[in-house]
Amino acid sequence: NAGVMQNPRHLVRRRGQEARLRCSPMKGHSHVYWYRQLPEEGLKFMVYLQKENIIDESGMPKERFSAEFPKEGPSILRIQQVVRGDSAAYFCASSQQGAGANVLTFGAGSRLTVL
Amino acid sequence: AQSVSQHNHHVILSEAASLELGCNYSYGGTVNLFWYVQYPGQHLQLLLKYFSGDPLVKGIKGFEAEFIKSKFSFNLRKPSVQWSDTAEYFCAVNAAGSARQLTFGSGTQLTVLP
């Protein structure tokens, strides 16, 4: 069981470019969460998805950020027209349905650096 | 909305010292409580969790935490730390029975000196 797989691990973008971060949940997990960790801060919830559905996006910035979890393939967090303030570590987590839904398993994170 | 406070940002201990990391949360309802650990360069790993029952929870690697409902606290403890415990520790909470996203504290960096 490979766990939660995130790629790329490191991504460098210039201001104005697009960043795409991918997350493959653990086998058997149908819930995906994205968190952002800014320097010197804890993880902040961004969005919670199930297959083809956004369940809660209350933590997502209103502009430039979007997330999807298609029927096939990984979940994607997309940041358009990146700015320096988007530099952070982006963590994906997944969980099961039902009784296991409260326990999140995290990936290793994708570190975005905006020049 | 819930919030989590970790008052110690950086703790430095010598090996064999005892550890207690503070965690307080604010939320009016029933919560699930978690401690995660992030070793240098690695992903977050679950140390222990509390859902219900015995408020003293034992986790991996000799860690334990006690839920004190009256104090809204879930402090992490270990009687004798090792150099390999050097890591960042995050307390987290979610509302039981509803949305499952976790609210994290800002983390405590533990450095254990050999």
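Naming convention: chains lettered A, B, ... in sequence-line order (proteins, then strands); numbering from 1 in each chain.
- Contacts between residues 62-72 of chain B and chain A, defined by a heavy-atom separation under 4.5 Å, are made by no residue at all.
- Along residues 11-22 of chain B, no residue comes nearer than 4.5 angstrom to chain A, judged on non-hydrogen atoms.
- Between the Asn53(A) side chain and the Ile55(A) main chain, no donor and acceptor come within less than 3.5 Å of each other.
- Relative orientation of the Tyr50(B) and Phe74(B) rings is tilted, given thresholds of 30° and 60° on the angle between their planes.
- One finds no salt bridge joining Asp86(A) and Arg13(A) here, because no Lys/Arg side-chain nitrogen approaches an Asp/Glu carboxylate oxygen to under 4.0 Å.
- A donor-acceptor pair is defined here as one N or O able to donate and one able to accept, closer than 3.5 Å; such a pair exists between the side chain of Gln6(B) and the backbone of Gly107(B).
- Pairs passing the side chain to side chain donor-acceptor pair (under 3.5 Å) check and including a residue from residues 79-93 of chain B, sequence neighbours excluded, read Lys78(B)-Asp85(B).
- Between Phe104(B) and Tyr36(B), the two ring planes are tilted [angle within 30° to 60°].
- Within a 6.0 Å sphere centred on CZ of Arg15(A), heavy atoms belonging to other residues, nucleotides or ligands number 12 at most.
- Residue Leu44(B) touches chain A through both its backbone and its side chain, counting heavy-atom pairs closer than 4.5 Å.
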Legend entry - side chain to side chain donor-acceptor pair (under 3.5 Å) assessment of Asn75(B) paired with Ser73(B): CA-CA 6 Å; Asn75(B) 292 355; Ser73(B) 69; 4.7 Å; no
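- Only the side chain of Gln37(A) has a heavy atom closer than 4.5 Å to any heavy atom of chain B.
- Although no hydrogens or angles enter the test, the distance criterion places a donor-acceptor pair under 3.5 Å between the side chain of Arg64(A) and the main chain of Gln81(A).
- More than 12 heavy atoms of other shown residues, nucleotides or ligands fall within 6.0 angstrom of atom CE in Met60(A).
- Identified by a heavy-atom distance below 4.5 Å to chain B, the contributing residues of residues 107-115 of chain A are Gly107(A), Ala108(A), in residue-number order.
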Legend entry - side chain to side chain contact (heavy atoms under 4.5 Å, CB included) assessment of Phe69(A) paired with Cys23(A): CA-CA 9 Å; Phe69(A) 188 16; Cys23(A) 170; over 6 Å; no
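- For chain A, the nearby part of Gln38(B) is the side chain; its heavy atoms alone come within less than 4.5 Å.
- A donor and an acceptor atom, one from each side chain of Ser95(A) and Tyr33(A), are located under 3.5 Å apart.
- Look at Glu18(A) and Arg78(A) and you find a salt bridge, because one of the NZ, NE, NH1 or NH2 atoms lies within 4.0 Å of a carboxylate O, short of that distance.
- Remark: the Thr108(B) side chain and the His9(B) side chain contain no N/O donor-acceptor pair separated by less than 3.5 Å.
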